[in-house]
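The model shown is predicted, which means the values in this text are computed figures rather than measured ones. Along the sequence shown, residues carry numbers from 1.
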Amino acid sequence: QVRLVESGGGLVQAGGSLRLACTASVSISSLGWYRQAPEKQRELVARVLSSGVTQYGDSVKGRFTISRDNAKNTVDLQMNLLKPEDTAVYYCGAIFIGRPYWGQGTQVTVSS
């Protein structure tokens, strides 16, 4: 069974930084962060494969950085230059044997 446990998030002013962390219960090839704002669809923020290949959503390129530690099954998301439009619930997500898994979500709120 795959469990994804998230930490981090909170309230920050525009221009500030936050760091999110996620720990997976098993070794997973594809780990990433997604977000969902009210009345919007869940979207990719960033994901990283075990090979180190990364993919970012267009709106966060140059501001967010994803990193992982394969030995610890963790993936972190460093978020800089945060904007009010980054406000959302952030979910750690993974694909394991063809199935998607999600963490419980953590709220990120950016005030203007």
Side-chain angles (χ1 to χ4, degrees):
Q1 184 176 359
V2 177
R3 288 188 65 228
L4 302 172
V5 179
E6 301 146 339
S7 62
L11 173 64
V12 66
Q13 288 187 333
S17 298
L18 283 174
R19 189 175 184 89
L20 306 181
C22 173
T23 301
S25 58
V26 297
S27 177
I28 298 177
S29 174
S30 175
L31 268 175
W33 287 94
Y34 301 76
R35 68 186 181 188
Q36 187 166 16
E39 300 182 358
K40 291 188 177 181
Q41 288 189 334
R42 192 169 298 187
E43 63 175 0
L44 171 71
V45 177
R47 62 186 175 193
V48 57
L49 302 181
S50 55
S51 62
V53 173
T54 58
Q55 182 180 2
Y56 291 90
D58 288 341
S59 63
V60 307
K61 287 180 181 177
R63 300 187 296 122
F64 292 10
T65 303
I66 192 169
S67 59
R68 68 182 289 167
D69 185 329
N70 291 332
K72 297 180 180 179
N73 296 331
T74 59
V75 60
D76 292 353
L77 183 69
Q78 178 65 41
M79 306 184 292
N80 298 327
L81 299 175
L82 282 160
K83 304 175 181 180
E85 50 264 44
D86 294 316
T87 295
V89 177
Y90 284 68
Y91 296 91
C92 181
I95 302 293
F96 185 70
I97 313 181
R99 290 184 57 188
Y101 291 87
W102 301 101
Q104 78 278 9
T106 184
Q107 177 70 44
V108 171
T109 302
V110 184
S111 63
S112 57

_I want to check something: taking the side chain as every heavy atom from C-beta on, are V26 and N73 in contact at a cut-off of under 4.5 Å?_
no

*Measure from the side-chain N and O atoms of S25 to the backbone N and O of Q1, and report whether any donor-acceptor pair falls under 3.5 Å.*
yes

_Taking I95 as the starting point, is it possible to reach I28 by hopping between hydrophobic residues whose side chains are less than 4.5 Å apart?_
no

*Going by heavy atoms in the side chains, are Y56 and L44 under 4.5 Å from each other?*
no

*Could you tell me whether R68 and D76 have a side-chain N and a carboxylate O separated by less than 4.0 Å?*
no

*Just checking, is any N or O donor in the side chain of N80 or S17 under 3.5 Å from an acceptor N or O on the other one?*
yes

_Exercise: do R42 and Y34 side chains pair donor with acceptor under 3.5 Å_ = no

*asked:* Hydrophobic clusters here meaning ILVMFWY residues chained together by side-chain heavy-atom distances under 4.5 Å, can you tell me if V89 and V75 are in one?
replied: no

*Cationic tip of R3 above Y101 ring, under 6.0 Å, 45° of axis*: no

*Do L82 and W33 share a hydrophobic cluster (ILVMFWY, side-chain heavy atoms under 4.5 Å, transitive)?*
yes

*Just by modelled atom types, is the L11 backbone N or O under 3.5 Å from a matching donor or acceptor in the T109 side chain?*
no

*Regarding S7 and R19, is there a side-chain donor-to-acceptor distance under 3.5 Å anywhere?*
no

*Do side-chain atoms of E6 reach the backbone of G105 as a donor and acceptor pair under 3.5 angstrom?*
yes

*Taking a hydrophobic cluster as the set of Ile, Leu, Val, Met, Phe, Trp and Tyr residues connected by side-chain heavy atoms closer than 4.5 Å, whether directly or through intermediates, do V48 and L4 fall within one such cluster?*
yes

